[in-house]
Amino acid sequence: MKKFIKLTFISMLAVIILAACGGKDDTKTGDAGKKETKDVLAQIKERDKIVFGVKHDTRLFGLKNPSTGDVEGFDIDIAKSLAKEILGDENKVEFKEVTSKTRIPLLNNGDIDAIVATMTISEERKKEVDFTDVYFEAGQSLLVKKGSKIKGLEDLKKGTKVLAVKGSTSAVNIREKAPDTQVLEYENYAEAFTALKSGKGDALTTDDSILYGMADEDPSFELTGGTFTDEPYGIAVKKGNTDLVDELNKALNGLKDSGKYDEIKDKWIKQQ
């Protein structure tokens with residue numbers, strides 16, 4: 001009996017100790033949680049590096065150079081210059097690939113600090129992320145094979161096929177502007193352009209700035225019909241990070257005041 005009571009007491013003591021240990025672990029988890037909720041600007045300055053989400057498939061804005069492995073373009077140079085304005089060194093930057101479909105999830109998961117990836121500011125997107133001021137003005141257009149009968153939106157009738165990219169405002173817009181056309185969506189611009197070149201569609205639609213890059217890559221294609229939307233690009237950050245938005249806006253203004261912005265734009269967007 002005494003032995004039984006002794007064993008019971010030891011068991012109860014073990015439970016109490018484990019519970020106490022569990023309480024300490026919960027506190028640590030709570031502390032870790034507090035660290036995770038630290039604002040993104042504070043994290044950037046603590047690690048002394050900014051992680052930008054950029055595209056790898058968008059000629060003139062963000063395209064991976066197969067020879068060097070580097071990502072090059074307007075968005076890339078803007079991102080580097082922002083890093084220099086904020087952290088004093090354009091090399092204090094890391095680039096992670098995003099697509100139109102993956103960029104917001106990667107931002108909200110904390111994989112990236114900000115998106116610089118031809119992202120149009122829209123009221124719908126403002127519900128998910130916060131935007132800086134406009135850093136580039138674009139407009140949606142159409143890319144077709146030279147000699148195509150498609151000259152504008154009015155030619156996108158029943159039986160025509162238009163290619164677009166998943167998660168883009170372009171896919172939404174073209175369904176509204178040309179409801180009779182069939183819209184085929186691809187994962188990224190490289191896939192969509194390859195599909196256009198292989199004859200899987202009659203036109204490809206996205207922002208004119210992106211289409212200029214495709215026409216530059218293959219001169220047998222051209223833009224047609226002018227622009228039919230306004231597509232103001234903004235840098236997106238995780239919702240609620242107003243300090244980071246302010247810091248990025250300050251940096252953007254610095255680039256414009258110094259002439260660096262125009263220098264970058266003239267380097268990449270000669271058609272604009």
Subject >> Over 12 foreign heavy atoms within 6.0 Å of NZ, K239 >> reply: yes
**OP:** Count the heavy atoms belonging to other residues, nucleotides or ligands that lie under 6.0 Å from CD of E124, then report whether that count exceeds 12.
**Re:** no
Are side-chain heavy atoms of [X] and [Y] found at a separation under 4.5 Å?
{"X": "R59", "Y": "D216", "value": "yes"}
{"X": "K64", "Y": "E72", "value": "no"}
{"X": "I115", "Y": "I112", "value": "yes"}
{"X": "L252", "Y": "E85", "value": "no"}
{"X": "F52", "Y": "D113", "value": "no"}
{"X": "E94", "Y": "V51", "value": "yes"}
{"X": "T206", "Y": "L204", "value": "yes"}
{"X": "K238", "Y": "N241", "value": "yes"}

Original post:
Does the side chain to side chain contact (heavy atoms under 4.5 Å, CB included) test come out yes or no for I44 and L87, once each step is laid out?
Top reply: CA-CA 9 Å; I44 288 168; L87 298 175; 4.1 Å; yes
Side-chain ion pair, [X] and [Y], N-O less than 4.0 Å:
{"X": "D89", "Y": "K84", "answer": "no"}
{"X": "E247", "Y": "K250", "answer": "no"}
{"X": "E123", "Y": "K126", "answer": "yes"}
{"X": "D202", "Y": "K161", "answer": "no"}
{"X": "D180", "Y": "K157", "answer": "no"}

Original post:
Under the criterion salt bridge (charged side-chain N to carboxylate O under 4.0 Å, His left out), which of E187, E185, E191 is the partner of K101?
Top reply: E187
Measure the [atom1]-[atom2] distance between [X] and [Y] for me, rounded to the nearest 0.5 Å.
{"X": "F61", "Y": "W268", "atom1": "CZ", "atom2": "CH2", "value": "11.0 Å"}
{"X": "I121", "Y": "T169", "atom1": "CD1", "atom2": "OG1", "value": "11.5 Å"}
{"X": "S170", "Y": "K177", "atom1": "OG", "atom2": "NZ", "value": "12.0 Å"}
{"X": "T58", "Y": "Y189", "atom1": "OG1", "atom2": "OH", "value": "5.5 Å"}
{"X": "T102", "Y": "N188", "atom1": "OG1", "atom2": "CG", "value": "10.0 Å"}

**OP:** For residues Y186 and F193, establish whether the separation of their ring centroids is below 6.0 Å.
**Re:** no
**OP:** Decide if the gap between the ring center of Y135 and the ring center of Y261 is smaller than 6.0 angstrom.
**Re:** no
What I want to check is whether the side chains of [X] and [Y] have a donor and an acceptor closer together than 3.5 Å.
{"X": "Y233", "Y": "D207", "result": "yes"}
{"X": "K55", "Y": "T99", "result": "no"}
{"X": "K197", "Y": "S220", "result": "no"}
{"X": "S141", "Y": "T227", "result": "no"}

Spell out, yes or no, whether [X] and [Y] are grouped together once hydrophobic residues are joined by side-chain heavy atoms under 4.5 Å, including indirect joins.
{"X": "L107", "Y": "L41", "answer": "no"}
{"X": "V129", "Y": "L82", "answer": "no"}
{"X": "L244", "Y": "F131", "answer": "no"}
{"X": "F74", "Y": "I210", "answer": "yes"}
{"X": "V144", "Y": "Y212", "answer": "no"}

List the atom of [X], the atom of [Y], and the distance in Å for their closest heavy-atom pair.
{"X": "I150", "Y": "A203", "value": "CD1-CB, 4.4 Å"}
{"X": "V116", "Y": "V54", "value": "O-CG1, 3.6 Å"}
{"X": "L156", "Y": "A178", "value": "CB-CB, 3.8 Å"}
{"X": "L163", "Y": "A192", "value": "CD1-O, 3.4 Å"}
{"X": "A251", "Y": "I86", "value": "CB-CG1, 4.1 Å"}
{"X": "T118", "Y": "D75", "value": "N-OD2, 3.0 Å"}

Original post:
Can L223 and L142 be said to form a side chain to side chain contact (heavy atoms under 4.5 Å, CB included), step by step?
Top reply: CA-CA 6 Å; L223 278 72; L142 299 170; over 6 Å; no
Original post:
Do L143 and T205 pass the side chain to side chain contact (heavy atoms under 4.5 Å, CB included) test, and can you show the C-alpha distance, the side-chain angles, and the key distance before you say yes or no?
Top reply: CA-CA 6 Å; L143 184 74; T205 189; over 6 Å; no
**OP:** Just do the side chain to side chain donor-acceptor pair (under 3.5 Å) check on E231 and N173 with the steps written out, would you?
**Re:** CA-CA 11 Å; E231 304 294 334; N173 292 337; 3.3 Å; yes
